[in-house]
Chemist: 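Structure provided below as structure tokens; questions to follow.
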Amino acid sequence: MTTPLNAESAPATARRSATPIILDASDRAANGYAAQGHAGTGGARQSPLLDGLNPQQKEAVEYRGQALLIIAGAGSGKTSVLTRRVASLLETRDAWPSQILAITFTNKAAAEMRERVHAILGQGSDGMWISTFHSSCVRILRREAEKIGLSSTFSIYDSADTKVTLKRIIKGLDADTYGFTPGSAGAKISKLKNELADADSYARNANMSDPQEVMFVEIFRQYSARLRAASALDFDDLIGETVYLFRAFPKVAALYRRRFRHLLVDEYQDTNHAQYALVHELTRPVTAELAQEMEDDGVHVRNLRDMTGAIPGASLTVVGDSDQSIYAFRGADTRNISGFERDYPGAKVILLEQNYRSTQNILSAANAVIGHNFDRTDKKLWSAGGDGEKIVGFTAYSGHDEAQFVSDEIQVLHAAGMAYRDMAVFYRTNAQTRALEEILVRSATPYRVVGGTKFYERAEIKDALAYLIAVANPVDELALRRILNTPKRGIGPATETGLSSFADDNELTFRQAMRNSASLGLGPKVTGAILKLAELLDAAALMLVPTSVTDDGVPVGAANDGAANVSEVLEFLLNGSGLLAVLRSSRDPQDEVRAENIEELVAQTKDFNKENPDGGLVDFLTQVSLVAAADDLDDASGTVSLMTLHTAKGLEYEAVFLTGVEEGLLPHQMSANEPGGPAEERRLFYVGITRARKRLYLSLAMTRAQFGDINVAMPSRYLQEIPAELIDWKQSPGMANSRGGTQPRALNARRDGGFGGFGNSLNSLSDGFGGRSRGSNSAKEAGLPPGKPKTEWANKITGTVRDNGSLELAAGDRIRHHDFGEGRVNQVTGEGTKRIAHVQFDSMGAKKLLIKIAPIEKI
DNA sequence: TATCAATCGTTAAGC
DNA sequence: ACGATTGATA
């Protein structure tokens with residue numbers, strides 16, 4: 001909150017000394033090898049901001065109008081265009097920094113943009129808002145909290161907090177008998193909030209003759225009531241309440257519409273309805289009437305008013321690519337981007353198709369894959385950088401085998417001079433990391449898993465933070481109940497419930513109930529513990545009160561004059577509660593780590609004090625709630641990165657390993673029944689492919705351990721969509737068969753036509769892909785474009801995996817394995833396709849083999 | 001209140 | 001297979 005909203009007047013035609021625009025090397029390098037050849041377009045001297053840009057990019061930087069949609073294909077220099085556009089707005093004096101609001105989805109993206117804008121402008125970028133949707137909203141809401149009945153120190157509930165709250169509600173209502181779980185109810189509530197619905201509006205349209213619906217409405221109501229009582233907002237509320245604020249208080253909205261004259265929104269295809277509405281509210285004009293009112297109130301608006309006296313809507317730039325929309329499952333609505341021209345008539349649309357990242361082979365594969373999604377506007381990425389290497393394909397026998405291949409290839413690349421940090425391994429599900437990590441550890445390959453457990457989600461950190469929250473927002477019952485018996489004070493669940501109902505019955509907050517716990521008639525020990533905690537929190541709250549205040553309690557001088565800073569309060573609470581001491585003296589070795597984590601948190605509060613001398617407790621807590629993954633920014637380390645395909649979005653690497661390209665995994669099984677599911681999975685695959693600059697590896701396994709047992713997998717339908725000539729199969733899914741193909745290691749033990757078992761429905765070659773599917777057949781789910789007979793697939797991959805058909809084995813049988821040699825069957829377990837032979841090999845020890853596909857024969 | 005066995009539910013993930 | 005969570009037991 002560095003720039004007071006009303007302080008500066010910012011005429012559109014401001015006179016000021018032009019900020020020197022300097023492009024740093026990294027920004028210039030963003031367009032890589034294609035940077036040359038687009039030198040000056042001739043004529044007038046052009047700004048260095050346009051150096052190295054292609055004509056479309058230039059236009060995107062220079063266009064001035066109400067609305068601009070930039071369709072930015074993968075690797076098309078989007079960030080560069082966006083940051084230069086911001087710089088250009090300032091350079092041409094179309095805007096003051098404080099008139100610009102740039103919104104991203106992730107802190108990482110915001111940080112990157114801030115950094116790059118700062119690199120161009122230096123101090124000139126001060127006062128600009130470059131932040132996520134959520135932090136922008138928090139900033140606004142903290143300022144205006146009272147207007148919508150919240151404390152300005154409102155708590156922000158994360159999904160774990162939501163879950164705990166819903167769990168209590170569901171328990172209280174016995175709603176689990178209706179099949180509600182905290183997760184399911186939470187997902188539904190979140191979805192509704194993303195549509196800007198609340199409990200009442202939902203109830204109006206709900207089918208109230210359905211008892212389950214009635215129950216859900218009640219859950220929703222109670223959830224909203226609890227959050228309100230705790231002066232808390234969940235993540236969805238942050239957006240929704242801001243929209244509500246703007247709609248219910250036009251004068252408040254007018255102040256922000258006046259201030260933000262230029263909105264830029266990144267990843268627009270990922271916006272949900274609430275975010276769309278927020279953008280819309282911010283870019284509406286201020287009526288002449290309201291503008292006049294503002295002027296009468298002493299707000300400077302004259303320079304902004306048009307001939308009718310109104311303030312026109314702010315200019316809006318959105319950047320997106322519907323082909324990279326992979327978050328429909330959490331409410332993203334691509335209609336926001338496809339309907340942009342309708343929503344903002346007269347909008348300019350610029351298409352960025354030239355790719356500066358990948359080789360043409362990789363792009364051709366990407367284009368071919370995404371081309372199978374219908375209802376998209378055609379877009380073809382192209383590169384001036386040449387074909388490059390072929391894509392490498394590999395079919396492994398198992399997940400471990402696949403991991404071994406990845407590991408081996410990483411070593412080959414590394415030996416050839418590629419740094420580990422330039423390589424990444426992608427997968428669809430987190431469970432796939434297991435095998436990969438195992439092998440990478442064994443081969444001593446440095447790696448790190450991106451994403452995963454976050455520091456602030458650890459229980460001990462949440463405990464420590466709950467103390468701080470309880471101080472900052474005394475009405476937050478959730479925080480209080482979390483610390484009530486942490487560390488152990490002998491306050492059990494019965495006492496907790498007692499306090500809670502005592503509070504409800506007497507219309508007290510939980511905190512007040514604690515202070516009055518003496519009148520509850522509990523044991524003296526328990527009562528003493530409760531009172532001690534209440535006193536500790538009250539004392540901590542007092543530390544935050546500035547010492548120099550006037551008679552009315554208004555601080556004199558600096559905002560926090562004399563008040564304790566965050567680290568002092570935290571240390572006071574830790575000492576007073578014994579939280580840290582208990583962990584230190586514990587004999588559980590894990591508690592040692594927990595203690596260290598808390599110490600790390602203390603260190604972070606000290607850093608915060610240093611970086612934000614004026615920052616208070618609430619500012620710290622806000623930062624913690626919204627900036628959850630500050631630790632994975634250190635990607636300068638020399639390690640291979642492992643991450644899910646979702647996490648990979650927005651990143652790029654020299655070499656990419658895309659693993660688990662199998663039916664059931666990519667596309668994921670769970671997506672099959674959802675409308676638009678398979679298409680979204682295809683976009684996910686597309687996103688993965690387009691992350692690669694030079695080398696792309698696609699791998700799959702014929703069997704994969706999942707949920708404790710082994711499943712037979714078949715190649716992903718998406719592999720068919722890549723022209724065969726682009727892929728060099730080191731080991732193809734097609735094995736020796738009548739149509740030819742390679743003879744992959746470990747797959748070809750039986751050459752005498754081991755394709756029995758066609759009578760078995762699980763075995764039928766139903767779709768020309770040699771597929772066996774699990775149970776339900778996949779032919780109709782294959783999502784093939786109509787009018788493309790399967791027999792005409794360009795790719796000759798048959799997808800056939802080994803099939804021992806009806807091979808019957810029993811204990812005592814001797815078998816021969818292609819790799820392991822001869823052995824004796826000890827036991828056969830499992831049913832149907834999952835029958836497993838437990839074999840004692842003569843020289844290789846005991847193994848478990850999936851009879852259906854193992855390279856074995858009876859002897 | 002603490003510990004242990006049984007049970008459950010496993011897609012992705014930003015803030 | 002695995003981890004988190006729940007329920008039963010001492």
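We use all heavy atoms of the structure for the numbers below, so side chains are in, but hydrogens, waters and symmetry mates are not. Labels below follow one simple rule: chain letters A, B, ... track the order of the sequence lines, proteins then strands, and each chain is numbered from 1.
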Chemist: Among residues two or more places apart or on two chains, list those pairs meeting salt bridge (Lys or Arg N to Asp or Glu O under 4.0 Å) that have a residue in residues 324-335 of chain A.
Modeler: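 Residue pairs with at least one partner in residues 324-335 of chain A: A:Asp333-A:Arg335.
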Chemist: In plain terms, say whether A:Lys462 and A:Asp161 are close enough for a salt bridge, that is, a side-chain N and a carboxylate O under 4.0 Å apart.
Modeler: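 So A:Lys462 pairs with A:Asp161 through a salt bridge.
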Chemist: For A:Ser159, check side-chain hydrogen bond (donor to acceptor under 3.5 Å, both in side chains) against everything at least two apart and list the hits.
Modeler: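 If we apply the side-chain hydrogen bond (donor to acceptor under 3.5 Å, both in side chains) test to A:Ser159, skipping adjacent residues, there are no hits.
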Chemist: Between the protein and nucleotides 3-9 of chain C, list the N/O to N/O atom pairs that are separated by less than 3.5 angstrom.
Modeler:
unit_1, atom_1, unit_2, atom_2, d
C:dT6, OP1, A:Lys167, NZ, 2.9
C:dT6, OP2, A:Lys167, NZ, 3.3

Chemist: What is the distance, rounded to the nearest whole Å, between atom CZ of A:Arg704 and atom P of B:dT11?
Modeler: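 The distance from CZ of A:Arg704 to P of B:dT11 comes to 15 Å, rounded to the nearest Å.
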Chemist: Under 4.0 angstrom, heavy atoms only, what part of the nucleic acid is A:Phe707 near: base, sugar-phosphate, or nothing?
Modeler: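 Base contact.
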Chemist: Atom CZ of A:Arg683 to atom C1' of B:dA13: distance rounded to whole Å?
Modeler: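 Rounding to the nearest Å, CZ of A:Arg683 and C1' of B:dA13 are 16 Å apart.
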Chemist: Holding to side-chain hydrogen bond (donor to acceptor under 3.5 Å, both in side chains), I want the full list of residues that pass it with A:Ser325, two or more places apart in sequence or in another chain.
Modeler: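 If we apply the side-chain hydrogen bond (donor to acceptor under 3.5 Å, both in side chains) test to A:Ser325, skipping adjacent residues, there are no hits.
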Chemist: Looking at residues 318-336 of chain A, who's got a heavy atom less than 4.0 Å off DNA chain B?
Modeler: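 Close to the strand are A:Tyr327, A:Phe329, A:Arg330.
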Chemist: One thing to verify: whether A:Arg428 and A:Glu681 come together as a salt bridge, which I'm taking to mean a side-chain N less than 4.0 angstrom from a carboxylate O.
Modeler: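 A salt bridge links A:Glu681 with A:Arg428.
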Chemist: Has A:Thr647 got a side-chain N or O lying under 4.0 Å from the OP1 or OP2 atom of B:dA13?
Modeler: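 Result: yes.
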Chemist: Only pairs at least two apart or in different chains count here, so list each salt bridge (Lys or Arg N to Asp or Glu O under 4.0 Å) that has a residue in residues 162-172 of chain A.
Modeler: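 As it turns out, the salt bridge (Lys or Arg N to Asp or Glu O under 4.0 Å) pairs with a partner in residues 162-172 of chain A, which skip direct neighbours, are A:Arg168-A:Glu496.
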Chemist: Quick one: which of B:dC15, B:dT11, B:dA12 gets closest to the side chain of A:His646?
Modeler: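 Nucleotide nearest to A:His646's side chain: B:dA12.
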Chemist: B:dC15, OP1 or OP2 - any side-chain N/O from A:Ser135 closer than 4.0 Å?
Modeler: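 No.
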Chemist: Check whether any side-chain nitrogen or oxygen of A:Asn430 sits under 4.0 Å from OP1 or OP2 of B:dA13, and answer yes or no.
Modeler: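 Looking at the OP1 and OP2 atoms of B:dA13, one of them is under 4.0 Å from a side-chain N or O of A:Asn430.
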Chemist: Picking from B:dT1, B:dC15, B:dA13, which would you name as closest to the side chain of A:Pro493?
Modeler: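 Shortest atom-to-atom distance from the side chain points to B:dT1.
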Chemist: Nearest to the side chain of A:Lys488, heavy atoms from C-beta on, is which of B:dA2, B:dT11, B:dC15?
Modeler: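 Within the option list, the nearest is B:dA2.
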Chemist: Taking atom CD as the centre, does A:Glu281 end up with more than 12 heavy-atom neighbours from other residues, nucleotides or ligands that are less than 6.0 angstrom away?
Modeler: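 Atom CD in A:Glu281 is crowded, with more than 12 foreign heavy atoms closer than 6.0 Å.
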Chemist: Hey, which of A:Asn272, A:Leu238, A:Asp236 is the one that makes side chain to side chain contact (heavy atoms under 4.5 Å, CB included) with A:Lys193?
Modeler: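 So the option named by the test is A:Asp236.
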Chemist: OP1 or OP2 of B:dG14 versus the side-chain N and O atoms of A:Asn107: is any pair under 4.0 Å?
Modeler: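 A:Asn107 to B:dG14 OP1/OP2: no side-chain N or O under 4.0 Å.
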